[in-house]
Amino acid sequence: MNAPDSAAAIQEIHPVSVRTADDLLAWPLIRRLIAFDTTSRGSNLALLDWVRDYLAVHGVESAYTFNDDCSKANLWATLPARYGNVTTGGIVPPGHTDVVPVDGQPWDCDPFEATVGDDRVYGRGVTDMKSFSATALAFVPEFLRRGLARPVHFALSYDEEVGCIGVRRLIADVVTRGIRPMGCIVGEPTGMELVLAHKGKKAWRCRVRGHEAHSSLTPRGVNAVQIACEIVGHIAGRARGFRDAGRRDDAYDVPYTTAHVGTIRGGTALNIVPRDCSFEFELRHLPFDDPDAFLADVRAFAERFLPEMRAVSKDTYIDFDALSSLPGMDTHDGSEIAKIAHRCNGRAEVGKVSFGTEAALFQGAEIATVICGPGHIEQAHQPDEWVSLEQLARCEAFMRRLADRVCLA
């Protein structure tokens with residue numbers, strides 16, 4: 001990570017010593033948020049309703065922005081500044097409510113019960129990223145007691161894990177209502193280090209339609225699984241090319257563009273030439289690598305198989321569907337929100353990460369955004385996902401310093 005010129009002006013944070021989870025201000029809220037199973041395939045409304053009721057106890061109103069079938073929503077709530085300002089110059093600590101599935105993972109504890117052991121808290125979402133949201137919400141009473149010089153906006157979104165879907169509607173609603181925050185601090189897991197940039201991401205599905213036949217008559221069929229695997233192999237070759245000969249940015253934790261195939265499905269039985277196969281793949285790209293050019297290359301490779309396929313059956317094909325797209329992000333270190341975040345985390349260094357976040361979309365709406373949150377991405381999405389008590393203490397120290405900068409008293 002690189003240090004800015006103002007490093008000497010930044011005082012290092014020394015968080016309060018935490019011996020147990022009960023020493024954490026946010027511990028009751030962390031336990032409550034983890035208890036909601038908000039896997040992306042399901043609803044997040046029970047969690048949002050709990051947060052809405054928690055805020056209402058403190059006199060804060062919440063607004064929802066729903067998805068098409070009203071099974072999920074985003075929440076937006078504002079703590080007003082002096083003289084009732086709720087629109088201009090505020091700070092947003094946004095978070096996504098959804099988590100990835102636990103299906104098939106060998107958990108040693110209940111993933112939806114925050115469990116403490118070995119100075120860690122275990123549970124789905126403790127790192128990605130419910131602990132940050134719980135910590136921000138835990139400071140609502142202090143923000144209100146001390147009074148605010150600028151608004152603080154709480155934003156909770158749905159379906160971040162499947163393409164940053166919900167936050168797009170939330171941002172559109174914020175813009176329509178004329179709300180103009182000064183900046184966002186997205187609490188994705190960075191080890192409480194300040195991050196100013198992340199890679200872009202595009203994801204696609206490839207669908208191969210072959211032609212069924214008895215496996216003793218393979219020349220009369222078109223094997224969709226084998227053709228799909230040829231394309232997967234080409235993508236793996238492109239990934240090795242990025243690693244071995246591509247341009248690099250050593251400020252990133254993975255300093256080159258990466259390509260990855262995450263799922264593949266196909267075939268009916270061993271003695272049937274498979275008719276269908278599909279797989280999903282993604283590109284996490286540095287700014288100078290073009291994802292559309294990458295897809296065009298994969299398409300061109302796939303099209304080599306079409307003449308032979310259609311010689312057997314004219315109904316065969318290879319199609320590609322776009323699944324998601326997230327731009328990269330790069331924030332100027334001299335922005336006001338970056339300066340505030342530097343003083344809140346007590347570190348001069350800044351970094352870049354390979355994973356994507358909603359920060360890029362807030363940034364695209366001309367809301368300056370940085371990333372800084374507890375835990376590490378290596379623990380996210382894993383069985384026995386965990387965050388250390390030390391990281392949670394650092395997050396609370398960050399929020400206390402943020403309160404010192406946004407509160408009147």
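Worth saying up front: this structure is predicted, and the values here are computed from it rather than measured. Sequence positions, counted from 1, serve as the residue numbers for this chain.
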**Asked** Taking atom types as modelled and ignoring hydrogens, do the side chains of Tyr64 and Asp173 form a donor-acceptor contact shorter than 3.5 angstrom?
**Response** no
**Prompt:** Is a salt bridge present between Arg299 and Glu303, judged by a nitrogen-to-oxygen distance below 4.0 Å?
**Reply:** no
**More than 12 heavy atoms from other groups under 6.0 Å of CZ on Arg209** = yes
**Request:** Report yes if some heavy atom in the side chain of Ile337 is under 4.5 Å from a heavy atom in the side chain of Cys184; otherwise report no.
**Result:** no
**Item:** Residues Arg169, Asp68: salt bridge by 4.0 Å N-O rule
**Value:** yes
**Asked** Say you draw a straight line from CD1 of Ile185 to CD1 of Ile371; how long is it, rounded to the nearest 0.5 Å?
**Response** 11.5 Å
**Message:** Distance check, rounded to the nearest 0.5 Å: Ile34 atom CD1 versus Glu113 atom CD?
**Reply:** 11.0 Å
**Request:** Report yes if the side chains of Gln379 and Pro189 come closer than 4.5 Å at any heavy-atom pair, otherwise no.
**Result:** no
**Message:** Could you tell me if the side chain of Ile318 sits less than 4.5 Å from the side chain of Leu306, heavy atoms only?
**Reply:** yes
**Message:** As an exercise, state the distance from OH of Tyr158 to CG of Asn67, rounded to the nearest 0.5 Å.
**Reply:** 4.5 Å
**Message:** Looking at Leu270, I want to see if its CG is surrounded by more than 12 non-hydrogen atoms of other residues, nucleotides or ligands under 6.0 Å.
**Reply:** no
**Asked** Taking all non-hydrogen atoms of both residues, which atom of Pro94 and which atom of Phe132 are closest, and how far apart?
**Response** O-CE2, 3.8 Å
**Message:** Between Thr38 and Asn44, do the side chains contain a donor N or O and an acceptor N or O under 3.5 Å apart?
**Reply:** no
**No-hydrogen, no-angle side-chain donor-acceptor test under 3.5 Å, His96 and Ser157** = no
**Request:** Flag the pair Phe301 / Phe305 as yes when their ring centroid distance falls below 6.0 Å, and as no otherwise.
**Result:** yes
**Asked** Tell me, do Trp76 and Ser62 make a side-chain contact under 4.5 Å, heavy atoms counted?
**Response** no
**Check against side chain to side chain contact (heavy atoms under 4.5 Å, CB included), His376 and Thr127** = CA-CA 7 Å; His376 299 86; Thr127 294; 5.8 Å; no
**Prompt:** So, Arg41 and Asp103, do they make that salt bridge, N to O below 4.0 Å?
**Reply:** yes
**Prompt:** Under 4.5 Å between any side-chain heavy atoms of Thr357 and Phe362, yes or no?
**Reply:** no
**Asked** Should Val126 and Arg120 count as side-chain neighbours, where that means a heavy-atom distance under 4.5 Å?
**Response** no
**Side-chain donor or acceptor of Thr78 paired with backbone N/O of His153 under 3.5 Å** = no
**Asked** Trp107: what forms a side chain to side chain donor-acceptor pair (under 3.5 Å) with it, not counting sequence neighbours?
**Response** Gln105
**Asked** After noting the C-alpha distance and the side-chain angles of Thr97 and Leu48, does the key distance pass the side chain to side chain contact (heavy atoms under 4.5 Å, CB included) rule?
**Response** CA-CA 8 Å; Thr97 60; Leu48 289 193; 4.0 Å; yes
**Request:** Measure across Ala259 and Leu283 and return the closest heavy-atom pair with its distance rounded to 0.1 Å.
**Result:** CB-CD1, 3.9 Å
**Side-chain touch Arg168/Cys164, heavy atoms, less than 4.5 angstrom** = yes
**Message:** Taking the side chain as everything from C-beta on, heavy atoms only, tell me whether Phe139 gets closer than 4.5 Å to Leu402.
**Reply:** no
**Complete:** On a heavy-atom basis, the closest approach of Thr87 and Pro151 is N-CG, 4.4 Å
**Message:** Regarding Ser40 and Asp98, do their side chains bring together a donor and an acceptor under 3.5 Å, going by distance alone?
**Reply:** yes
**Message:** When you measure from the side chain of Ser388 to the backbone of Gln391, do you find a donor-acceptor pair of N or O atoms at a distance under 3.5 Å?
**Reply:** yes
**Message:** Are there over 12 heavy-atom neighbours, none belonging to Arg405, within less than 6.0 Å of that residue's CZ?
**Reply:** yes
**Item:** Residue pair Arg394, Glu193: steps toward the side chain to side chain contact (heavy atoms under 4.5 Å, CB included) verdict
**Value:** CA-CA 10 Å; Arg394 285 186 62 186; Glu193 303 296 335; 3.9 Å; yes
**Prompt:** Which pair of non-hydrogen atoms, one from Ala73 and one from Leu45, has the smallest distance, and what is that distance?
**Reply:** CB-CD2, 3.7 Å
**Complete:** Hits for side chain to side chain donor-acceptor pair (under 3.5 Å) against Arg207, two or more places apart or cross-chain, chain-then-number order -> Asp321
**Message:** Looking at Asp404 and Arg343, is any side-chain nitrogen of the basic one under 4.0 Å from a carboxylate oxygen of the acidic one?
**Reply:** no
**Fill in**
Here the gap from Arg243 atom CZ to Thr258 atom OG1, rounded to the nearest 0.5 Å, amounts to 12.0 Å
**Complete:** Heavy-atom closest pair (Ala136 atom, Phe143 atom, distance to 0.1 Å) is O-CE1, 4.3 Å
**Asked** Per the side chain to side chain contact (heavy atoms under 4.5 Å, CB included) rule, which among Ile367, Val186, Leu326 passes with Leu361?
**Response** Leu326
**Asked** Going from OH on Tyr54 to CG on Leu33, what distance comes out if it is rounded to the nearest 0.5 angstrom?
**Response** 10.0 Å
**Request:** Work out which heavy atom in Val116 is nearest to a heavy atom in Trp27; give both atom names and the distance.
**Result:** CG2-CH2, 3.5 Å
**Fill in**
CZ (Phe320) and CH2 (Trp204) are apart, to the nearest 0.5 Å, by 10.0 Å
**Request:** Would you check, one step at a time, whether the test side chain to side chain contact (heavy atoms under 4.5 Å, CB included) holds for Thr369 with Glu358?
**Result:** CA-CA 10 Å; Thr369 304; Glu358 294 175 337; over 6 Å; no
**Message:** Taking Arg150 first and then Glu336, would you say they form a salt bridge - that is, a charged N and a carboxylate O separated by under 4.0 Å?
**Reply:** yes
**Asked** Do the side chain of Arg124 and the main chain of Gln382 share a donor and acceptor less than 3.5 angstrom apart?
**Response** yes
**Asked** How far apart are the C-alpha atoms of Arg180 and Thr88, what are their side-chain angles, what is the distance that settles it, and do they pass the side chain to side chain donor-acceptor pair (under 3.5 Å) test?
**Response** CA-CA 5 Å; Arg180 299 181 299 280; Thr88 305; 3.2 Å; yes
